[in-house]
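Written below as structure tokens is the structure these notes are about.
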Amino acid sequence: MRLEALVQASIQQALAELGWSFSGLIPVDRPRRPEHGDLSTRLPFMLAPSLGKAPQEVAHALAQRLRHNLAFAAVRPEAGFLNFVLQPQALHAVLKEILQDGLAYGRSSVGEGRLLQVEFVSSNPTGPLTIGHLRQAALGDVLASLYEDQGWKVVREYYLNDEGRQIDLLAQSLWARYRQALGHDEPVPPGGYQGAYLVPLGEELAKAWGDRYPVWTEQARQVFRTEAVARMMDMIHEDLQAIGVRFDVWTREGDLHRRGLVSEALQALRDKGAVYEKDGAQWLHSTAEGLSRDVVLVRSDGTPTYTMVDIAYHLDKWRRGFTLVIDVQGADHVDEQRQVLLALKILGLPHGFLRYCLHQFVTLKGEEGVQRMSTRAGRFLRLTDLVDAVGRDVARYFMVMRKPESHLVFDFELAKDTSMENPVYYVQYAHTRIASVFREGAKSGEWPVDTPQVDLSPLTHPEELALVKELDRFPDMVRLAAQELAPHLVCEYLEGLAGLFHPYYARVRVLGQGPATPARLCLLAGIKLVLARGLGLLGVSAPEEM
RNA sequence: GCGCCCGUAGCUCAGUGGAUAGAGCGCUGGACUGCGGAUCCAGAGGACGCAGGUUCAAAUCCUGCCGGGCGUACCA
């Protein structure tokens, strides 16, 4: 039994014996200070008012009842808390269970196979992916993994905005590069895409097509739009491959229009009385529901806005059978998010169907100081350049190591220069070291061990017991990271675990220690397992050798 | 102006209302005749932006300020 459950069950029994009751989850904390025990509960504070007793008194009474429980070496009431010191045997039992679970350790079936969609990146096909998209890609991919681990059936989806003015601008920018390649003095249109990545494409088209499109006509627009989007998608696919992200479904804006979903969603909103006309445009009456402004759904020229299409898209997600949708988006989309959430509420979709993982931007600190990035101005760092410089593991890890709503300063020079003083390597090195011990142990015949038969009683060092306690925390951590959309908790956990392992390893020898050796090898096996599981959730490799 | 996010060590950042606030980097000084030194040990370094409030208990919740970011388009 896991430690938290063990404590909760024991307390429940004590409550029953005392004729007390507590509805709800009994809180179990892991105290920072060792003198406060291995585990503690603040339950007495919660129970005291209804019992008409002081917390200290409640804690005392509970401690009396729990004192003789064989799992605990001590149960101490202190300052209204109830602190538990575990018997080493209780921890040994936990380690055995972990090893028995193997790679399934920490997995859960709470998702019950329900459908979850994670929509992320969804970058417009107007250029290659940048370091900004990398944060999205890493966050979305890790969130998807976390939910898969919790028993959800996850669809990773990319929404492809292949319509609209930005695409026209891109097409015309590409056309200008094409004309330039033919020796004409055709400037990139105002507000167009200045990036150098269009130059070689323009040259290719010039070679292939010659002087076929001398002026910007409707026909040229069609041809260059199709060509530009296809080329940009090739780039994006290449970038995604570089960081190991794969999408299950690509949805194109054009498809939503073709299937009539946009007008259908608009009609549904109209039926709810949430739409009004002003200046020839159709507006969503958002202020009526407490938002700060109304938004246009259909422009006066009859075309739907981005927001309108987004609402239709999300209504379709609901119809597709998803129980939960997580959208990973940047902070510049907050206003948009509120409007969509509001529209879904008006349409009667359940609260909580759509959750946003909102993240702040990545600022890049390079040789020229902090730079604001812009795809349109051609000022950005390509994702592939970053991956080439620091590797996929570091790139992914760095993008999720901070909580999404925090700004993330990516120091490019530091990432390259100090790659040896890097948390990713610190964690991976712990895994490698254990693998190395196993290799050595295999030579001496000490490894592998018959896990179920090993006597773990030699595991008595405080560091060893602390390590098992940390391993025990892994499933809760994964659950919390998924629930709170907080992948950084995984990084924090792994660094903590590696931070317990390295000092232990430096102090305690594993091989050639008689009966202690198989016990310690079991502990190392548990650590290695959990490190691999955690790194796996992040999409970071767990190397046997470095 | 209004809305949302952030403000914690020199830097980058953790910290599910709990007990004496943490990590990495950087800095100072140590540790290799045994399993990988990409490691370990020790030290210096803090008004948790400011002021009120709620609570047995606040870095955490509420209110108001101050600072930074992002929005506030018939762009996407």
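A note on names: the letters A, B, ... follow the listed sequences, proteins ahead of strands, and every chain is numbered from 1.
No engagement by A:A79 is indicated, since no non-hydrogen atom pair under 4.0 Å with the nucleic acid exists. Among the atoms of the strands shown, none is found under 4.0 Å from any heavy atom of A:L291. A:V28 comes within 4.0 angstrom of no nucleic acid atom, judged by non-hydrogen atoms across all strands. Residue contacts for A:R33: at a heavy-atom cut-off of 4.0 Å it reaches a base atom on one of the strands shown. Across all strands, A:F438 comes closer than 4.0 Å to no nucleic acid atom at all (heavy-atom distances).
No N or O donor and acceptor, one from the side chain of A:T307 and one from the base of B:rA76, sit under 3.5 Å apart. A donor-acceptor contact under 3.5 Å is formed by the side chain of A:N83 with the base of B:rA19. Put simply, the side chain of A:R293 and the base of B:rU72 share no donor and acceptor less than 3.5 Å apart. Judged by distance alone, with hydrogens and angles left aside, A:S300 brings a side-chain donor or acceptor within reach of the base of B:rC74, the pair sitting under 3.5 Å. Between the base of B:rG3 and the side chain of A:S292 there is no donor-acceptor pair shorter than 3.5 Å.
When both pairing distances are held under 3.5 Å, B:rG64 makes a Watson-Crick or G-U pair with B:rC50. Nucleotide B:rG37: unpaired (no Watson-Crick or G-U wobble partner with both distances less than 3.5 Å).
Closest to the side chain of A:R402, out of B:rC35, B:rG71, B:rA14, is B:rA14.
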Derivation of the side-chain contact (heavy atoms from CB on, under 4.5 Å) call for A:V530 and A:L497 = CA-CA 9 Å; A:V530 172; A:L497 181 58; 3.9 Å; yes
request  = Any chance you could lay out the side-chain contact (heavy atoms from CB on, under 4.5 Å) test for A:L315 and A:L261, step after step, and finish with the verdict?
outcome  = CA-CA 9 Å; A:L315 182 59; A:L261 296 172; over 6 Å; no
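Both A:E253 and A:E492 lie near RNA chain B, and the one whose nearest nucleotide falls closer to the 5' end is A:E492.
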